[in-house]
Asker: 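My questions will all concern the structure given below.
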Amino acid sequence: QVHLVESGGGLVQPGGSLRLSCAASGFTFSIYVMAWYRQAPGKQRELVASITSGGGSTNYADSVKGRFTISRDNAKSTVYLQMNSLKSEDTAVYYCNARRRGDWGRVYDYWGQGTQVTVSS
């Protein structure tokens with residue numbers, strides 16, 4: 001019932017841009033912290049960016065700060081990642097994540113299936 005579906009990935013040249021989208025359904029999107037993670041071949045999955053439930057605060061990995069922008073539209077239950085000035089080292093599968101802490105210490109943690117971003121000339 002819970003679905004997170006990423007889209008917008010693809011092949012882009014160094015210096016180019018892509019905009020990823022993650023469409024959410026099956027849960028109350030507006031109360032979840034949303035985040036983008038990525039995993040490159042042979043490397044650990046890393047947090048790229050996160051945004052609070054109301055969109056008032058964002059955090060970025062140092063490697064993408066100044067180049068990537070996370071945003072959300074709670075009316076559309078969608079989170080975005082605008083990626084500019086892309087580098088070859090940005091090549092990875094990008095995953096959408098939704099997380100919140102509920103009653104009794106319970107954590108709700110949902111993941112999308114991922115979308116491939118390849119930066120290459």
Asker: Are Leu18 and Leu86 packed together at the side-chain level, in the sense that at least one heavy-atom pair is separated by less than 4.5 angstrom?
Answerer: yes
Asker: I'd like to check Val107 versus Arg99 (side-chain heavy atoms, cut-off strictly below 4.5 Å). Are they in contact?
Answerer: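 Touching, per the 4.5 Å side-chain cut-off.
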Asker: Report yes or no: do Gln44 and Gln39 form a side-chain donor-acceptor pair below 3.5 Å?
Answerer: no
Asker: Please assess Met34 against Ser50 for the test side-chain contact (heavy atoms from CB on, under 4.5 Å), listing each intermediate value before the final yes or no.
Answerer: CA-CA 6 Å; Met34 300 299 299; Ser50 64; over 6 Å; no
Asker: Pairs in or reaching into residues 62-121: which pass disulfide bond (SG atoms under 2.5 Å apart), with residues at least two apart or in two chains?
Answerer: Cys22-Cys96
Asker: Quick one: sort the Phe27 and Tyr110 rings into parallel, tilted or perpendicular, breaks at 30° and 60°.
Answerer: tilted
Asker: Taking side chain as C-beta onward, heavy atoms only, is Val79 less than 4.5 Å from Ile51?
Answerer: yes
Asker: My understanding is that only residues two or more places apart in sequence, or in another chain, count here; which of them pass salt bridge (Lys or Arg N to Asp or Glu O under 4.0 Å) with Arg67?
Answerer: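 Per chain and number, Arg67 pairs via salt bridge (Lys or Arg N to Asp or Glu O under 4.0 Å) with Asp90.
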Asker: When Leu20 is tested against each of Phe68, Tyr80, Trp36 for side-chain contact (heavy atoms from CB on, under 4.5 Å), which residue passes?
Answerer: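 The side-chain contact (heavy atoms from CB on, under 4.5 Å) with Leu20 is passed solely by Trp36 among Phe68, Tyr80, Trp36.
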Asker: Mark yes or no for whether Thr78, through its side chain, and Lys76, through its backbone, hold a donor-acceptor pair below 3.5 Å.
Answerer: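 Yes; at least one donor-acceptor contact below 3.5 Å.
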Asker: Is the shortest heavy-atom distance from the side chain of Pro14 to the side chain of Glu89 under 4.5 Å?
Answerer: no
Asker: On a heavy-atom basis, which atom in Leu4 and which in Ala98 lie closest, and how many Å separate them?
Answerer: CD1-N, 3.9 Å
Asker: Looking at side-chain heavy atoms only, is the closest gap between Leu11 and Ser120 below 4.5 Å?
Answerer: yes
Asker: Could you walk me through whether Tyr32 and Ser53 pass the side-chain contact (heavy atoms from CB on, under 4.5 Å) check?
Answerer: CA-CA 5 Å; Tyr32 279 72; Ser53 59; 5.9 Å; no
Asker: For Arg101, look at atom CZ and say whether over 12 heavy atoms of other residues, nucleotides or ligands are found less than 6.0 Å away.
Answerer: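 Open: at most 12 neighbouring heavy atoms sit under 6.0 Å from CZ of Arg101.
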Asker: Could you please spell out the steps behind the side chain to side chain donor-acceptor pair (under 3.5 Å) verdict for Asn84 and Ser17?
Answerer: CA-CA 4 Å; Asn84 299 325; Ser17 297; 2.9 Å; yes
Asker: Could you list the cluster mates of Leu47? Members are the ILVMFWY residues connected by side-chain heavy atoms closer than 4.5 Å, either directly or through other members.
Answerer: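 Members besides Leu47, by chain and number: Tyr37, Val93, Tyr95, Trp111.
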Asker: Could you state whether Ile31 and Phe29 fall into the same hydrophobic cluster, counting links through intermediate Ile, Leu, Val, Met, Phe, Trp or Tyr residues with side-chain heavy atoms under 4.5 angstrom apart?
Answerer: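 Yes; tracing contacts between hydrophobic side chains, which count when under 4.5 Å, links both residues.
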Asker: Start with the C-alpha gap between Ser71 and Arg19, add the side-chain angles, then the distance that decides, and say whether side-chain contact (heavy atoms from CB on, under 4.5 Å) holds.
Answerer: CA-CA 11 Å; Ser71 61; Arg19 185 177 179 87; 4.1 Å; yes
Asker: Is Met83 reachable from Tyr60 through a run of hydrophobic residues whose side-chain heavy atoms are each under 4.5 Å from the next?
Answerer: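 Yes, it is one cluster - the side chains of Tyr60 and Met83 are joined through contacts under 4.5 Å.
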Asker: Kindly indicate, with the supporting measurements, whether the criterion side-chain contact (heavy atoms from CB on, under 4.5 Å) is fulfilled by Gln116 and Thr91.
Answerer: CA-CA 8 Å; Gln116 177 71 48; Thr91 295; 4.0 Å; yes
Asker: Mind checking whether Val64 and Ile70 sit in one hydrophobic cluster, side chains of I, L, V, M, F, W, Y counted as touching below 4.5 Å?
Answerer: yes
Asker: Which value, rounded to the nearest 0.5 Å, describes the distance between Arg38 atom CZ and Ser63 atom OG?
Answerer: 4.5 Å
Asker: Short question: side chain of Arg72, backbone of Thr52 - any donor-acceptor pair under 3.5 Å?
Answerer: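 Yes; judged by distance alone, with no hydrogens or angles, the pair exists.
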Asker: Taking the side chain from Glu6 and the backbone from Thr115, do they hold a donor-acceptor pair closer than 3.5 Å?
Answerer: no
